[in-house]
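Source: prediction; values computed, not measured.
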Amino acid sequence: MSAPAPSERAFVPFVSVDNMMKLVHRIGVETMLSGIAEYVEEDFRRWELFDKTPRVASHSKEGVIELMPTSDGVTYGFKYVNGHPKNTKEGLQTVTAFGLLADVYTGYPVLLTEMTVLTALRTAATSAVVAKHLAPKDAHTMAMIGNGAQSEFQALAMKEICGIKTLRLYDIDPKATEKLMRNLEGRGLTLQPCKSPEEAALGAQIITTCTADKQNATVLSDNMVGTGVHINAIGGDCPGKTELASGILSRSDVFVEYPPQTRVEGEIQQMPEDFPVTEMWKVITGQAEGRTSDRQITLFDGVGFATEDFSALRYVRDQLEGTGLYHDLDMLADPDDPRDLFGMVMRANPEGGETA
């Protein structure tokens, strides 16, 4: 007796890198950034519904491998992600990732997708959501310090969602800046390469730091930051990795995603445990103040949190219907009798009869 064909529940939609790129082109990169941003903001407004835990991290001298789980009680999601700054010198990505959504009621996965591209999109979307609430009114110039794999996404999200018109660019590697300028040519931004972080920060209302080295670096020194700016510090994402001088933190109102994680991984790992911070979900829901004056320095200490990946996964799942931009993976064992898993295996013998 042959094994019955799997039911529809055995198959999980899988979005490959190729299909994710096709989805970006079908929707449009800026439209997709805006769409993900809407989902990120919606989930910040639902913050209290979510299971929240710092990511589970396995650190090595080369980098870190992490799992980032969360659930809103109806849907569960997680992301696998690494961070290996040394990879770039070996021709590899610093960050690779994949993610999954599952139905809480059955525990069955309902989506599996690449998240290397999607993480870049969701990180940029999150930065823009935060800047929309914290940046100076009518901000039009952003300094982008660190012009690697994340930079173009950050720039386009800030243009689309926050109205940024001019980018002042610096990277320790001039080829990275050249790459960014080549990629963003003709996209409606004025691009100004700079010779130092100080020059890039000059005249910018928003400063975004996005460097990769796993070290306590001083990408921004205290004297480089004047009053009235908003800082997106998004390069720090693990213990021992920071970008800002501690003096900047002392002069700023600092906003974070999830304090128990950010105090270990973010810029504020440099500060005392009782250093005051404001959670972004409270600003977005009106329970806490964001920018309150023209001279205030606001600082988003962004390390990336699981709810943002959940938002991006939800967005992708909602866009897939009718596109054909996924493969059905025969991923879940699906015996006709759920108690007879062994029988299902035996009936699948291509030779017929019993195996030895």
Side-chain angles (χ1 to χ4, degrees), residues 6-24 26-27 29 31-57 65-83 95-126 129 153 237 257-258 261 281 303-334 338:
S7 73
E8 289 186 3
R9 277 193 164 182
F11 294 98
V12 178
F14 167 63
V15 182
S16 64
V17 174
D18 181 55
N19 276 330
M20 182 63 74
M21 293 190 294
K22 289 176 180 176
L23 187 65
V24 171
R26 175 185 286 251
I27 295 171
V29 63
T31 301
M32 193 163 179
L33 284 163
S34 292
I36 293 172
E38 290 175 6
Y39 278 58
V40 167
E41 185 158 357
E42 178 183 331
D43 285 339
F44 270 127
R45 294 185 187 280
R46 304 191 304 140
W47 184 260
E48 292 169 290
L49 292 176
F50 284 93
D51 291 336
K52 292 173 284 290
T53 182
R55 54 186 145 211
V56 181
I65 295 173
E66 301 166 332
L67 292 177
M68 301 173 66
T70 192
S71 172
D72 65 358
V74 175
T75 304
Y76 170 89
F78 79 82
K79 181 173 77 174
Y80 165 97
V81 63
N82 76 295
V95 173
T96 66
F98 68 87
L100 179 143
L101 288 180
D103 175 36
V104 168
Y105 180 71
T106 64
Y108 275 39
V110 296
L111 176 70
L112 177 66
T113 178
E114 85 79 38
M115 286 197 76
T116 307
V117 174
L118 189 56
T119 292
L121 290 161
R122 79 85 160 126
T123 303
T126 300
V129 167
F153 298 94
D237 58 6
E257 294 138 318
Y258 184 59
Q261 180 173 299
W281 74 271
V303 298
F305 190 63
T307 59
E308 297 152 16
D309 299 308
F310 184 92
S311 304
L313 287 165
R314 282 202 308 116
Y315 175 83
V316 168
R317 185 186 180 194
D318 287 352
Q319 309 311 308
L320 282 183
E321 187 174 353
T323 67
L325 297 178
Y326 60 90
H327 302 286
D328 279 327
L329 295 186
D330 184 7
M331 185 172 161
L332 306 177
D334 185 43

Donor-acceptor contact present, side-chain [X] to main-chain [Y], <3.5 Å:
{"X": "Thr123", "Y": "Ala120", "result": "no"}
{"X": "Glu114", "Y": "Leu118", "result": "yes"}
{"X": "Asn82", "Y": "Thr96", "result": "yes"}

Side chain proximity check, [X] to [Y], heavy atoms < 4.5 angstrom:
{"X": "Tyr315", "Y": "Glu38", "result": "no"}
{"X": "Phe14", "Y": "Asn19", "result": "no"}
{"X": "Leu313", "Y": "Thr75", "result": "no"}
{"X": "Arg122", "Y": "Tyr39", "result": "no"}

Q. So, Asp43 and Thr307: side-chain donor and acceptor under 3.5 Å apart, yes or no?
A.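 Their side chains do not contain a donor-acceptor pair, so the 3.5 Å distance test is not met.
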
Q: Determine, using ring centers only, whether Phe50 and Trp281 are less than 6.0 Å apart.
A: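 No, the ring centres sit 6.0 Å or more apart.
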
Q) Relative to the ring of Tyr76, is the ring of Phe78 parallel (under 30°), tilted (30 to 60°) or perpendicular (over 60°)? A)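 Tilted: the ring planes of Phe78 and Tyr76 meet at 30° to 60°.
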
Looking at every non-hydrogen atom in both residues, tell me the closest pair between [X] and [Y] and how far apart they are.
{"X": "Pro54", "Y": "Gln261", "value": "CA-OE1, 3.5 Å"}
{"X": "Thr119", "Y": "Asp309", "value": "OG1-OD1, 4.4 Å"}
{"X": "Met20", "Y": "Thr113", "value": "CE-OG1, 3.3 Å"}

Q. What pairs with Arg45 under salt bridge (Lys or Arg N to Asp or Glu O under 4.0 Å), at least two apart in sequence or on another chain?
A.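 Arg45: salt bridge (Lys or Arg N to Asp or Glu O under 4.0 Å) contacts with Glu41.
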
